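Below you'll find the structure, written out as structure tokens, and then a few comments.
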Amino acid sequence: MKTVVVPAAGMGTRFLPATKTVPKELLPVVDTPGIEMIAEEAAQLGATRLAVITAPKKQGVLAHFDPYPELEQTLEERGKQEQLDKVRRAANLIKAVPVEQEQPLGLGHAVGLAESVLDDDEDVVAVMLPDDLVLPMGAMEEMAKVRAQFGGSVLCAVEVPRDEVCNYGVFDIEEIGVDNVKKVIGMVEKPDVDDAPSNFVATGRYLLDRQIFSALKRIKPGKGGELQLTDAIELLIEEGHPVHILVHRGRRHDLGNPGGYIRACVDFGLKHPTYGKGLRHYITELLAEEN
Ligand code: G1P
């Protein structure tokens, strides 16, 4: 896999006012922006290129992958090697390629724009949503194995409580007798709880057959008046294209809203070699005070 597509053009409305001027993909989990964590996951997968879909006012996301000669020189002169490595890390992980989405027309529209940067021999469109941290890293490798076995497209799914399905793309599924893999017979974007076909939902990791680009050109605006990736996947299913989910049973954080973001910071903070111990102590104290 050469290219991973990262839609990062969203307005971050759930995270205002922080996202008025700072793209949500640059908010740090401890000290590392979400977009760099995605770059790390993509690089681990063997990808060499990150096609970052950005909005005109979100150029900072791409700038995070640029060299910063003045800062690098200063750090070098002062012998601050550790900090220098941190500044250079993103660019060393992967080559970020910008794809501009001029108007917020939806996730489906954003993914469709990536067609222009994929090479002709790339038969799979790997999409990672930077809002979703799927842990431990490596879900895409497992999904690639499922694709090698069943063909078609493979998505990552998690099971959520019934009353939360309205926030996600929801799968209609059929068991195929394989633990953690299910056949998808339909998909619907953010349905009402009563209409949801299951409580298995899409969680930001997609390995899509290149046919998705054709489907994306044929869908009409859906939920929220936006072109939905979910609707293009549903169209492929209707046309007989095989789609499966890999059910992820590990941890997952939604960095796109403060509640999920705080959890991610606590999770990574507790594991951090410098801050972990102190944070654990502080949280324990704080909770004891509350009781
Ligand atoms: C998007 C997708 C949705 C998916 C979700 C996962 O929604 O449209 O199908 O379940 O990401 O995070 P968003 O969260 O961008 O509204």
Side-chain angles (χ1 to χ4, degrees), residues 1 3-15 19 23-27 29 32-45 47 49-55 58 61-62 64 94 96-97 99 101 104-114 124-135 137-143 153-158 160 164-165 167-171 187 189-190 200-208 212 216 222-224 226-233 243 245-248 250-261 263-264:
M1 187 165 324
T3 311
V4 166
V5 178
V6 181
M11 292 184 286
T13 45
R14 290 179 296 168
F15 228 128
T19 46
K24 67 177 170 191
E25 295 79 8
L26 291 181
L27 298 176
V29 176
T32 306
I35 191 73
E36 189 171 317
M37 298 174 99
I38 288 287
E40 181 183 348
E41 185 178 340
Q44 265 183 25
L45 189 64
R49 192 161 56 172
L50 206 62
V52 185
I53 325 285
T54 51
K58 291 182 72 180
V61 180
L62 256 298
H64 186 66
I94 206 158
V97 185
V99 180
Q101 186 187 30
L105 299 178
L107 179 60
H109 178 255
V111 172
L113 295 172
V124 62
V125 188
V127 180
M128 292 187 188
L129 304 189
D131 274 2
D132 289 310
L133 285 186
V134 180
L135 303 165
M137 280 184 192
M140 291 285 261
E141 272 104 333
E142 295 305 309
M143 288 159 63
S153 299
V154 180
L155 287 77
C156 187
V158 289
V160 296
E164 291 176 21
V165 290
N167 299 315
Y168 298 97
V170 184
F171 300 111
M187 189 176 179
E189 182 69 8
K190 303 192 175 89
F200 287 94
V201 304
T203 184
R205 298 293 179 276
Y206 307 75
L207 275 184
L208 302 166
I212 195 70
L216 285 167
K223 195 86 191 179
E226 296 187 340
L227 292 167
Q228 296 292 349
L229 183 57
T230 293
D231 293 345
I233 295 166
V243 176
I245 51 171
L246 176 75
V247 180
H248 173 73
R251 236 171 245 196
R252 180 185 64 106
H253 295 300
D254 178 4
L255 300 182
N257 74 82
Y261 175 79
R263 287 181 191 199

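The structure displayed is predicted, hence computed values, not measured ones.
Looking at every heavy atom in both residues, M1 comes nearest to A126 through SD-CB, 3.2 Å. Closest of all the heavy-atom pairs between G222 and D231 is CA-OD2, 3.7 Å. Annotation for V52 and A96: closest pair CG2-CB, 4.4 Å, computed over non-hydrogen atoms. Smallest separation of non-hydrogen atoms from A51 and T3: CB-CG2, 4.0 Å. Considering all non-hydrogen atoms of both residues, A157 and F171 come closest at CB-CE1, 3.7 Å. Closest of all the heavy-atom pairs between A110 and Q101 is N-NE2, 3.6 Å.
A search for side-chain hydrogen bond (donor to acceptor under 3.5 Å, both in side chains) contacts involving R251 returns D267, not counting sequence neighbours. The ring pair (Phe, Tyr, Trp, His ring centres under 6.0 Å) search around Y261 returns F15, not counting sequence neighbours. Applying the salt bridge (charged side-chain N to carboxylate O under 4.0 Å, His left out) test to R252 and every residue at least two apart in sequence or in another chain returns nothing.
Between L45 and M128 the shortest side-chain heavy-atom distance falls below 4.5 Å. Side-chain atoms of R205 and E41, non-hydrogen and from C-beta on, do get closer than 4.5 Å to each other. V158 places none of its side-chain heavy atoms less than 4.5 Å from the side chain of V134. Residues P130 and L255 form no side-chain contact, since every pair of their non-hydrogen atoms from C-beta on lies 4.5 Å or further apart. The side-chain heavy atoms of V99 and V5, taken from C-beta on, include no pair separated by under 4.5 Å. Side-chain contact between Y206 and V125 is absent, with no heavy-atom pair separated by less than 4.5 Å.
For the atom pair CG (N257) and NZ (K24), the distance works out to 9.0 Å, reported to the nearest 0.5 Å. Taking CD from E36 and CD1 from I94, the interatomic distance works out to 11.5 Å, rounded to the nearest 0.5 Å. Here the straight-line distance linking atom CE of M140 with atom CD of E142 works out to 12.5 Å at 0.5 Å rounding. Annotation: the span from E25 atom CD to D131 atom CG amounts to 7.0 Å, rounded to 0.5 Å. Atom CD1 of I35 is separated from atom NE2 of H64 by 8.5 Å, given to the nearest 0.5 angstrom. A distance of 7.0 Å separates CE in M37 from CG in L135, rounded to the nearest 0.5 Å.
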Inset, instruction - Begin with the C-alpha distance, continue with both residues' side-chain angles, and end with the deciding distance and a verdict on side-chain contact (heavy atoms from CB on, under 4.5 Å) for N167 and D254. - result: CA-CA 11 Å; N167 299 315; D254 178 4; over 6 Å; no
Inset, instruction - Run the numbers on T203 and V160 for side-chain contact (heavy atoms from CB on, under 4.5 Å), then give the verdict. - result: CA-CA 10 Å; T203 184; V160 296; over 6 Å; no
Inset, instruction - Please assess L107 against L129 for the test side-chain contact (heavy atoms from CB on, under 4.5 Å), listing each intermediate value before the final yes or no. - result: CA-CA 10 Å; L107 179 60; L129 304 189; 3.8 Å; yes
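Side-chain atoms of K223 never come within 3.5 Å of backbone atoms of E189 as a donor-acceptor pair (strictly under, hydrogens ignored). Using modelled atom types, no side-chain atom of K58 and backbone atom of I53 make a donor-acceptor pair closer than 3.5 Å. The backbone N or O of L216 lies less than 3.5 Å from no partner atom in the side chain of H109, so there is not a single donor-acceptor pair. T19 contributes a side-chain N or O that, together with a main-chain N or O of G12, makes up a donor-acceptor pair within less than 3.5 Å.
For the side chain to side chain contact (heavy atoms under 4.5 Å, CB included) with L155, the qualifying choice from I233, T230, L207, V127 is I233, the only one to do so.
Counting non-hydrogen atoms of neighbouring residues, nucleotides and ligands closer than 6.0 angstrom, the CE atom of M11 reaches no more than 12 such neighbours.
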